[in-house]
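Worksheet for the structure shown next.
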Protein chains: 2
Amino acid sequence: MVDVADDQASGARGGRRRSESRRRLLAAARRLFVERGYHATRPQDIAREAEVGNGTFYLHFADKRDIFLAFAEEACAEIEAAIIGPLTGPEPWDQRILNTIKAALAFEANERKVIAAALMDISIIDPGDEEPTVRPRDRLAKLTAASLQEGIDKGEIRADLNTELIAHSLLGMVEQAAYHAERSNLSPEEVLATLVGFVTAGLARR
Amino acid sequence: MVDVADDQASGARGGRRRSESRRRLLAAARRLFVERGYHATRPQDIAREAEVGNGTFYLHFADKRDIFLAFAEEACAEIEAAIIGPLTGPEPWDQRILNTIKAALAFEANERKVIAAALMDISIIDPGDEEPTVRPRDRLAKLTAASLQEGIDKGEIRADLNTELIAHSLLGMVEQAAYHAERSNLSPEEVLATLVGFVTAGLARR
DNA sequence: GGGTCGGATTGACATATTGTCAACGCTGGC
DNA sequence: GCCAGCGTTGACAATATGTCAATCCGACCC
């Protein structure tokens, strides 16, 4: 991202105008990426859809990959918002798992493409400069891992698994399951039952 | 893919030359996509790397997305080749799971980017024309599901799960686990132990 | 209100990429 | 050797990308 600073930070001097443009661009990009895909979306299409001049695009983003990264970041923040409650709630661990998977599936039902973007391996589009910065997705995994660790500490979840590794695995799992469920028109109940059944059995202390 | 027909099919008349060009292009594309990413790879870079004229690129592929799709397909076939043995072997189910995950991880260790491409949601790059054709990845899932079904039929695996859904989930899981393992330098032993421990517990008949 | 200032926006344009096609090259058959 | 015909080529037309000098806008001050 090229933008000078955070939305508010760039002084009151036209800063509102600036962040409004950025917001419009990002929203437009999201619509177009989802509808037409990365390949067929041109920076100028995005500017037109956002109803800003086309030079404006480049004031906010370096190029198409840059705005795509921003889109992925945004998408990830949305999933995070959708599952943070269930994930960190006061319920027993198996109930938390169920609630979280349920929330994730409900969210993905509407915005599957958005989620696919959030969770995809960005390095396919852009390898970045060597060892990349943390992906947005890593934040999600960290949150999940912390929730698992809590279960371990309470003696509810088996302790012989690497929590971060499992957290990443679970993300991949839910993503793919949601994809398959949508394409095969599985009922949400069946999907939820299968995933929760599998995961709770996999994690439960013996 | 735009190519007229299968490699051999286009008569002996220069057909060998033709399929050689295609092969070189695909190999070049693979190197460049992995090294530079989709965004920064130009069709002409691919042609140059393949040491063919740049018009030749368009005789074999319609555009960049097309060759990317072919690359993903190829990658998927390779994973399939790597795991088909362990997956369908004569061992008991838990041993098959272990062998398969082991084979998948070993493969991914070398070619992680290739795998990420194979398993990613292609529709982000190119939504295709409405309801898309089966993704290469679906073949892998079908194979895995069949192997699970075999375990169920023998009464080794619990029967209350949707096998295809679990198969897709497992693919997502292994993909993400491999990604995380590489980035965090986890030992292969630890990764294997965690994944196998989790999966076998999740699937075992109670 | 009116003036001034500074960041934000704009779109025409220079640069770069993509895709086409008329001409040419190879190879196998006769 | 010559022809037939697919395959290849690279120059070039069509498109897309990214820059920047000119302009706009709104906040602030008098």
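Naming convention: chains lettered A, B, ... in sequence-line order (proteins, then strands); numbering from 1 in each chain.
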Rounded to the nearest 0.5 Å, what's the gap from CG on L203(B) to CD1 on I97(B)? Could you check? 5.5 Å
How many Å lie between [atom1] on [X] and [atom2] on [N], as a whole number?
X	N	atom1	atom2	value
L59(A)	dT17(D)	CG	P	17 Å
I67(A)	dT17(D)	CD1	C1'	14 Å
L32(A)	dA16(D)	CG	P	14 Å
L25(A)	dT10(C)	CG	C1'	13 Å
K64(A)	dT15(D)	NZ	C1'	13 Å
R24(A)	dT9(C)	CZ	P	11 Å

Counting only side-chain N and O atoms of Y58(A), is one of them less than 4.0 Å from OP1 or OP2 of dT19(D)? no
With a 4.0 Å cutoff (strictly under), does any side-chain N or O of H60(B) reach OP1 or OP2 of dT8(D)? yes
Dump the intermediate steps for salt bridge (charged side-chain N to carboxylate O under 4.0 Å, His left out) on R139(B) and E73(B), then the final yes or no. CA-CA 11 Å; R139(B) 280 205 321 273; E73(B) 183 99 31; 3.5 Å; yes
Tell me whether [X] is salt-bridged to [Y], with the criterion being a basic N under 4.0 Å from an acidic carboxylate O.
X	Y	value
E20(B)	R23(B)	yes
E111(A)	R30(A)	yes
E150(B)	K154(B)	yes

Would you mind telling me which residue lines up with the more 5' stretch of DNA chain D, G55(B) or G55(A), judged by nearest nucleotide? G55(B)
So, using ring-ring contact (aromatic ring centres under 6.0 Å, His included) as the criterion, who are the partners of F33(A) when residues are at least two apart? Y38(A), F68(A), F71(A)
What pairs of donor and acceptor atoms, side-chain ones from residues 166-175 of chain B against any protein atom, are under 3.5 angstrom apart with sequence neighbours left out?
unit_1  : atom_1 : unit_2  : atom_2 : d
H168(B) : NE2    : H180(A) : ND1    : 3.1
S169(B) : OG     : L165(B) : O      : 2.8

Starting from the 5' end of DNA chain C, give me the residue, H39(A) or F57(A), whose nearest nucleotide shows up first. F57(A)
Tell me which nucleotide among dT8(D), dT18(C), dT9(C) gets nearest to the side chain of T56(B). dT8(D)
Proximity to the side chain of R18(B) - top-ranked nucleotide from dG7(D), dT19(D), dT8(D): dG7(D)
Sequence neighbours left out, what passes side-chain hydrogen bond (donor to acceptor under 3.5 Å, both in side chains) with N99(A)? Give chain and number order. Q95(A)
Report all interatomic pairs (protein N or O, nucleotide N or O of nucleotides 23-26 of chain C) with separations under 3.5 Å.
none

Among all residues two or more places apart in sequence or in another chain, which pass the side chain to side chain contact (heavy atoms under 4.5 Å, CB included) test with D45(B)? L32(B), R36(B), R42(B), R48(B)
Could you check which residues of residues 40-54 of chain A get a heavy atom under 4.0 Å from DNA chain D? Sort them by number, please. R42(A), P43(A), Q44(A), N54(A)
